[in-house]
Number of protein chains: 2
Amino acid sequence: MNKKQLIVKLSGSLNLSKADAERTFDTITNTILDALKGDDSVKIAGFGTYKVAKRKARVGRNPRTGEQIQIAASQKVKFLPAKALKEVFNR
Amino acid sequence: MNKKQLIVKLSGSLNLSKADAERTFDTITNTILDALKGDDSVKIAGFGTYKVAKRKARVGRNPRTGEQIQIAASQKVKFLPAKALKEVFNR
DNA sequence: AATTGGGTATGCAATATTTGCATGTAGAAA
DNA sequence: TTTCTACATGCAAATATTGCATACCCAATT
């Protein structure tokens, strides 16, 4: 499912126009992102936790040529599924 | 930030009561989960992709006793941040 | 509705990182 | 109050990561 299809579904279940459903959805994702930018984690009970993980610089390798490369430190958003969510998929 | 705080923020920016904001939010997460149950991935442009990852069975260990245990195969929800999202955090 | 630009999946090699096991505790959230 | 979540531990095996070309799919613009 892509974003457009998701919006259509939400538009139905939230009883909103597609435009409003999309606005609502974007507001939510932006709010989560803003919180993460503030170096925060966002915990959503029953769903999961978004957090920013810091990765150290390290030595990697170009698999095509085999040559070593320096990989810069970076940050990445991680999602840790809640317990309830794991159970849903393991039955 | 936890769910309650998120709901308060959303209530403000969406101009909804807290109860409605929460209902809206839950509807969205449930819709995403339902899509994932259908063995689908959910791609959200500019944010990321949720997908169900299958993990193979393997040998683990009880860290308390040190004894080996067989870990069953399982499924887990993965979130892959979109490119745009990575860039936000690496500047 | 069709085109186009852009993001994304794939495969590859070698290594770094993550995962997940059991379980009690602390802390937070419902 | 009662439920949920993070953390800590040792260790083996699964998986992510990196560059890059190609194919593909999607989003937005015309």
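Below, chains carry the letters A, B, ... as their sequence lines are ordered, and counting in each starts from 1.
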| task | Specify the separation, in whole Å, of atom NZ of A:Lys51 and atom P of D:dA6. | result | 6 Å

| request: Look at the side-chain N and O atoms of A:Asn2 and state whether any lies under 4.0 Å from the OP1 or OP2 oxygen of D:dC25. | output: no

| Can you check whether A:Arg55 has a side-chain N or O nearer than 4.0 Å to OP1 or OP2 of D:dT17? | yes

| query | Does B:Lys78 make a side-chain N or O approach to OP1 or OP2 of D:dA16 shorter than 4.0 Å? | reply | yes

| Would a 4.5 Å heavy-atom cut-off, applied to side chains only, mark A:Arg23 and A:Asp26 as touching? | no

| B:Lys76 vs C:dG20: side-chain N/O to OP1/OP2 distance below 4.0 Å | yes

| B:Glu67 CD - C:dG20 P separation (whole Å) | 20 Å

| Looking at side-chain heavy atoms only, is the closest gap between B:Leu10 and A:Ile28 below 4.5 Å? | yes

| task | Round to a whole Å and report the spacing from NZ of A:Lys83 to P of C:dC21. | result | 11 Å

| For the pair made of NZ in A:Lys43 and P in D:dT3, what is the distance, rounded to whole Å? | 19 Å

| task | Report yes if the side chains of B:Pro81 and A:Lys76 come closer than 4.5 Å at any heavy-atom pair, otherwise no. | result | yes

| field | Length of the CE-P vector between A:Met1 and C:dT8, whole Å | value | 18 Å

| Can you find a side chain N or O atom of B:Lys4 that sits less than 4.0 Å from OP1 or OP2 on C:dA29? | no

| First of B:Arg64 and A:Phe47 reached from the 5' end of DNA chain D, by closest nucleotide | A:Phe47

| query | When you check the phosphate oxygens OP1 and OP2 of D:dG19, does a side-chain N or O of A:Thr65 lie under 4.0 Å from one of them? | reply | no

| request: Using a 4.0 Å heavy-atom cut-off across all strands, classify B:Ala53 as base, sugar-phosphate, or nothing. | output: nothing

| How would you label the contact of A:Ala82 with the nucleic acid (heavy atoms, under 4.0 Å): base, sugar-phosphate, or nothing? | sugar-phosphate

